[in-house]
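Sequence lines set the chain letters: A, B, ... in the order given, protein chains first and strands last, and positions in each chain run from 1.
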Number of protein chains: 2
Amino acid sequence: MQPDATDKKILELLQENAHMTIKEIASRINLSVTPVHERIRKMEREGFIEKYVCLLNRRKLGKSLLVYCHVTLDKQRKESFEEFNKAIAGMPEVLECSVVSGNFDYMLKVVVSDSEDYNQFYQLKLSALSSVLHISSYFVISEIKHTTGIPVG
Amino acid sequence: MQPDATDKKILELLQENAHMTIKEIASRINLSVTPVHERIRKMEREGFIEKYVCLLNRRKLGKSLLVYCHVTLDKQRKESFEEFNKAIAGMPEVLECSVVSGNFDYMLKVVVSDSEDYNQFYQLKLSALSSVLHISSYFVISEIKHTTGIPVG
DNA sequence: TCATTTTGAAGGATCATTTTCCGCAATCAA
DNA sequence: TTGATTGCGGAAAATGATCCTTCAAAATGA
């Protein structure tokens, strides 16, 4: 069953602040705590809500550099994709990695401390993979928008 | 003050599951609830922890298509950047938007229902902006990795 | 139409967690 | 040694989550 309008309001609030109490959510949407609680549990059970996480300030933690990479594999073959996918899983600096359509194979989002740190990652980890043919790096100069909230309207 | 090793363990746990109780965290790192509670509050106060959110399953909510866009502005001028930045802020389907170095100006991450929905976004919203000269779209075929957890080791 | 079932919500009791307070021990500087 | 600071543990108080029962409205069926 898809979330109804009330469920969606709850999701919007929780996507913005998961520490909001059920009581607070209830008062915002003019309901008592019980139905709000039940709706949340239901959406958790049914997988609409996947998990609750905290978001950190990467700059304060010294991870000031954000880089997007385009990766082209040497050969578009099963073994290459498998090697690459497996390697990516073990790289904590890679936050996102997707196979994309277009003139390259992968799109990566990488978080590192600085350009030297990125160089280490680039030379010792990414280009060390035999499956990799070509890498283009795009350094983020300014983050205009950054949200984890998907539109539920 | 930077988080110490104990703080980092707490951050790793909270980045994975922010609903973990203080008691549970405490037992995992062999501490009582008081210091764990104090450390978390401190990291919230000092801004290392920015917010708590819930992550939704976009597919279950009908947002099955993920697209990365490269956008080139017509003119690299203050007014163009301002118009573009402002417009992006009002587009809920754009989850991330960054100014990048390289042969285009912006990198966008867009979430929509399907290709028709993307077409609407592309034609009616993005290319409707006078500041935009060129757009390249890269459709995500497969998400290999997707995490919000930045490395704190 | 009337009775029955189902669904969603409210209120209150109970349980768990968070938060606060206090004291203890280790470390460090004077 | 003394005094101050820091980090930790334990327990009480405050708050919130959860569970259970009841109620009302809508849907279902004879």
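- Hydrophobic clustering (side-chain heavy atoms under 4.5 Å, transitive across Ile, Leu, Val, Met, Phe, Trp, Tyr) groups B:Val140 together with B:Leu95.
- When rounded to the nearest whole Å, the span between NE2 of A:His19 and P of C:dT18 equals 8 Å.
- If you measure from atom CD1 of B:Ile22 to atom C1' of D:dG10, you get 15 Å, rounded to the nearest angstrom.
- As rounded to whole Å, 15 Å separates atom P of D:dT6 from atom CG of B:Asp7.
- Between A:Lys8 and A:Glu12 there is no salt bridge, since no side-chain nitrogen of the basic residue lies less than 4.0 Å from a carboxylate oxygen of the acidic one.
- Between B:Arg39 and D:dG7 there is no side-chain polar atom (N or O) within less than 4.0 angstrom of OP1 or OP2.
- One atom, CD1 of A:Ile10, and another, P of C:dG8, lie 12 Å apart when rounded to the nearest Å.
- With a 3.5 Å ceiling on both atom-pair distances, the Watson-Crick or G-U wobble partner of D:dT28 is C:dA3.
- As rounded to whole Å, 19 Å separates atom C1' of D:dT18 from atom NZ of A:Lys42.
- With rounding to whole Å, B:Leu31 atom CG is found 7 Å from D:dC8 atom C1'.
- Regarding contacts with the backbone of C:dT18, every side-chain N or O of B:His37 stays at 4.0 angstrom or more from both OP1 and OP2.
- A donor-acceptor pair under 3.5 Å is absent between the side-chain atoms of A:Ser131 and the main chain of A:Glu83, judged by distance alone.
- Atom pair B:Arg45:CZ and C:dT19:C1' shows a separation of 13 Å (rounding to whole Å applied).
- Put simply, A:Ile141 and B:Val94 are part of the same group of oily side chains (I, L, V, M, F, W, Y) that touch within less than 4.5 Å, one to the next.
- Contact of B:Thr34 with D:dG7 (side chain to base): no donor-acceptor pair of N or O atoms is detected under 3.5 Å.
- Rounded to whole angstrom, the span from the NZ atom of A:Lys23 across to the C1' atom of D:dA14 amounts to 11 Å.
- Considering only the side chain of A:Ser32, C:dA10 comes nearest among D:dC8, C:dA10, D:dA17.
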